[in-house]
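Some notes on the structure that comes next.
First the proteins, then the strands, lettered A, B, ... as listed; each starts at 1. Computed from a predicted structure; not experimentally measured.
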Protein chains: 2
Amino acid sequence: MPVRPAPSKARPPRPRVRKKAASAYHHGDLRQALVDAALAAIAEGGLEGLNLRDLARRLGVSPAAPYRHFADKDALVRAVAADIAHRYAAVLAQAAAEAPPDPLSQFRATGVAAVRFAVRHPAHFRVVYTPGLHDHRGDADPTRQALTAAQAAGVVAPIPVDAMMLTAQCAIYGLSRLIVDGQLPGGAVTPAQADAMTRAVTDVLGLGFLPR
Amino acid sequence: MPVRPAPSKARPPRPRVRKKAASAYHHGDLRQALVDAALAAIAEGGLEGLNLRDLARRLGVSPAAPYRHFADKDALVRAVAADIAHRYAAVLAQAAAEAPPDPLSQFRATGVAAVRFAVRHPAHFRVVYTPGLHDHRGDADPTRQALTAAQAAGVVAPIPVDAMMLTAQCAIYGLSRLIVDGQLPGGAVTPAQADAMTRAVTDVLGLGFLPR
DNA sequence: CGGTGGATGTGAGCATCGATTACATCTCTA
DNA sequence: TAGAGATGTAATCGATGCTCACATCCACCG
């Protein structure tokens with residue numbers, strides 16, 4: 001019964017009081033509004049809890065309206081996933097840019113940034129790594145190049161770069177996921193705890209990376 | 001229409017030709033059959049693709065029948081998750097039992113076993129680590145004790161045990177998830193490739209763990 | 001040996017959700 | 001200013017989770 005008051009409403013001139021959008025169409029910009037609403041809904045209830053009817057309801061629009069902008073639910077999800085992936089990549093890039101250029105600093109900075117993102121936006125983090133929504137092959141190429149150079153200079157142990165990259169990636173991703181999925185002792189993880197754990201992990205990795 | 005031939009069947013003496021179960025009730029053991037069928041269905045279509053009606057259909061039973069054995073779908077999922085977690089734990093335990101008792105061998109053996117399980121049963125692996133279905137806090141206590149002992153004997157670097165445990169756990173879990181979620185270059189991962197990657201990761205970790 | 005009760009399964013049905021279709025309405029532009 | 005295309009609506013379908021009243025079957029007890 002919370003669907004709609006009455007199926008036969010005399011239909012007044014349509015109380016569309018949407019915000020901005022000077023040249024507003026019917027809604028303003030339903031497509032972007034849907035993406036934003038989906039972003040919020042995912043943050044609250046996860047990707048599984050997302051449903052188009054609720055989104056439409058929140059935006060004061062009929063359940064069929066979203067289909068004017070997205071072929072189906074999956075298309076919306078993909079758009080939202082792309083949006084999230086973009087933000088995630090930006091966060092990592094900025095962290096790398098602000099850190100010293102040596103490989104170990106880069107590793108640690110991007111690792112800390114990744115884990116922080118996971119702690120702050122768990123549901124969004126999960127979306128970024130949901131199979132089929134995004135490809136992460138070759139994400140860390142800059143770090144790889146820096147690492148190869150450092151190895152040539154003897155600053156880093158002569159282990160295969162592939163192995164080092166893989167290990168670092170696995171450790172950081174594993175830590176993020178363990179936090180996001182609540183599989184670590186102590187239940188919920190505070191940002192400070194997350195930082196400490198990231199530091200511990202990167203320290204141990206660093207020991208393996210240093211020349212002996 | 002593949003549900004049932006006709007809604008008004010004269011109902012012959014009920015063609016229940018179920019397998020074993022000498023003192024068979026109506027079905028035999030619908031509860032266990034549901035768990036088994038769910039196991040198979042999850043392996044095929046993942047946890048999201050699981051639905052009770054299909055399970056009932058496969059077992060030749062009405063859609064309401066499962067509710068005689070499980071309060072709701074979630075209860076079934078929890079039972080299946082417990083079953084999977086049990087198998088997973090058994091695999092890890094056996095791998096540890098068959099490996100040499102030193103901490104590094106134990107790490108590698110359980111790591112290899114975990115990654116192999118992930119490669120072989122990706123959907124089941126995902127279920128094991130689905131939030132809310134199972135708790136993994138304190139899973140690796142035996143390894144922790146071995147590690148502490150080894151450290152006292154000077155076989156392992158004097159890094160905080162917590163940090164080493166965490167790093168190893170993160171790396172192995174991260175590798176498993178990256179494989180399961182198809183986020184590694186080259187798409188699908190063969191068991192041989194998985195073993196090689198696990199070896200690479202544990203090697204790098206081992207370097208960090210060895211005393212200098 | 002027969003009846004009774006609890007466990008098990010059925011059939012019908014409700015609500016929600018994704019998706020499609022025919023139709024209405026609005027905005028822009030020629 | 002009138003048509004065309006973009007945008008939104010109403011109605012509806014099929015799948016799914018879940019509930020309820022009823023049927024059926026087995027075990028046990030007098």
Side-chain angles (χ1 to χ4, degrees), chain A residues 1-18 21-34 37-38 41 45-78 80, chain B residues 1-18 21-34 37-38 41 45-78 80:
Chain A
M1 84 213 26
V3 192
R4 218 152 257 256
S8 65
K9 212 161 67 173
R11 171 142 349 197
R14 186 77 98 70
R16 268 290 130 67
V17 210
R18 296 295 156 214
S23 73
Y25 271 65
H26 301 81
H27 174 95
D29 186 356
L30 184 55
R31 184 191 164 93
Q32 189 55 47
L34 281 167
L47 190 56
E48 316 76 39
L50 188 69
N51 81 75
L52 290 191
R53 289 177 119 89
D54 186 50
L55 251 45
R57 223 173 291 140
R58 291 199 205 191
L59 298 174
V61 142
S62 89
Y67 290 92
R68 289 289 159 192
H69 300 272
F70 298 97
D72 52 15
K73 182 185 181 183
D74 199 55
L76 204 196
V77 169
R78 265 182 281 118
V80 175
Chain B
M1 86 221 13
V3 192
R4 219 151 257 257
S8 65
K9 212 161 69 174
R11 172 141 350 199
R14 188 77 97 68
R16 268 289 130 67
V17 210
R18 296 294 158 212
S23 74
Y25 269 66
H26 301 81
H27 175 94
D29 186 356
L30 183 54
R31 186 193 164 92
Q32 189 55 47
L34 280 167
L47 190 56
E48 317 77 37
L50 188 68
N51 81 75
L52 289 192
R53 288 177 120 92
D54 185 51
L55 251 45
R57 224 173 290 139
R58 291 198 205 190
L59 297 174
V61 144
S62 89
Y67 289 91
R68 291 289 161 192
H69 299 272
F70 297 97
D72 52 16
K73 182 184 181 182
D74 199 55
L76 204 195
V77 168
R78 266 181 281 118
V80 175

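When the nucleotides C:dG9, C:dC17, D:dT9 are ranked by their closest atom to the side chain of A:Ser62, D:dT9 comes out on top. Of the listed nucleotides (D:dG8, D:dT16, C:dA19), C:dA19 has the atom at the smallest distance from the side chain of A:Leu52. Closest to the B:Arg53 side chain, of the nucleotides D:dT12, D:dT16, D:dG8, is D:dT16.
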Can you tabulate the close N/O pairs, meaning under 3.5 Å, that link protein atoms to atoms of nucleotides 20-22 of chain C?
from, atom 1, to, atom 2, distance (Å)
C:dA22, N6, A:Arg68, NH2, 3.2

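One distance of note links CZ of A:Arg53 with OG of A:Ser62; it measures 9.5 Å at 0.5 Å rounding.
Scanning both residues, B:Ala37 and B:Arg58, for their nearest heavy atoms gives O-NH1, 4.5 Å. Closest approach of A:Tyr67 to A:Asp72, counting heavy atoms only: CE2-CA, 3.8 Å.
Residues meeting the side chain to side chain donor-acceptor pair (under 3.5 Å) test with B:Arg78, sequence neighbours left out: B:Asp74. Listed by chain and number, the residues in a side chain to side chain donor-acceptor pair (under 3.5 Å) with A:Gln32 are A:Asp36 (sequence neighbours excluded).
Using a 4.0 Å heavy-atom distance criterion, B:Leu55 is classed as making no nucleic acid contact. A:Leu50 comes within contact range of the sugar-phosphate backbone alone, with a heavy-atom separation under 4.0 Å but no base atom that close.
Here D:dG17 presents its P atom at 15 Å from CD of A:Glu48, a figure rounded to the nearest Å. Straight-line distance from the CD atom of A:Gln32 to the P atom of D:dT7: 14 Å, rounded to whole Å. We find that CZ of A:Arg31 is positioned 11 Å from P of D:dT7, with the value rounded to whole Å. Atom CZ in A:Phe70 sits roughly 12 Å away from atom P in D:dT7 (whole-Å rounding). Nucleotide D:dT7 holds its P atom 16 Å from the CG atom of A:Leu59, rounded to whole Å.
Remark: A:Asn51 is in phosphate contact with C:dG18, judged by side-chain N or O atoms under 4.0 Å from OP1 or OP2. For A:Arg57 and C:dT16, the shortest distance from a side-chain N or O to OP1 or OP2 is not below 4.0 Å. In this model, the phosphate group of D:dG8 is approached by a side-chain N or O of A:His69 to a distance below 4.0 Å at OP1 or OP2.
Using a 4.5 Å heavy-atom threshold, the side chains of B:Leu34 and B:Val80 count as separate. Contact annotation: the side chain of B:Leu50 approaches that of B:Leu55 to within less than 4.5 Å [non-hydrogen atoms, C-beta and beyond].
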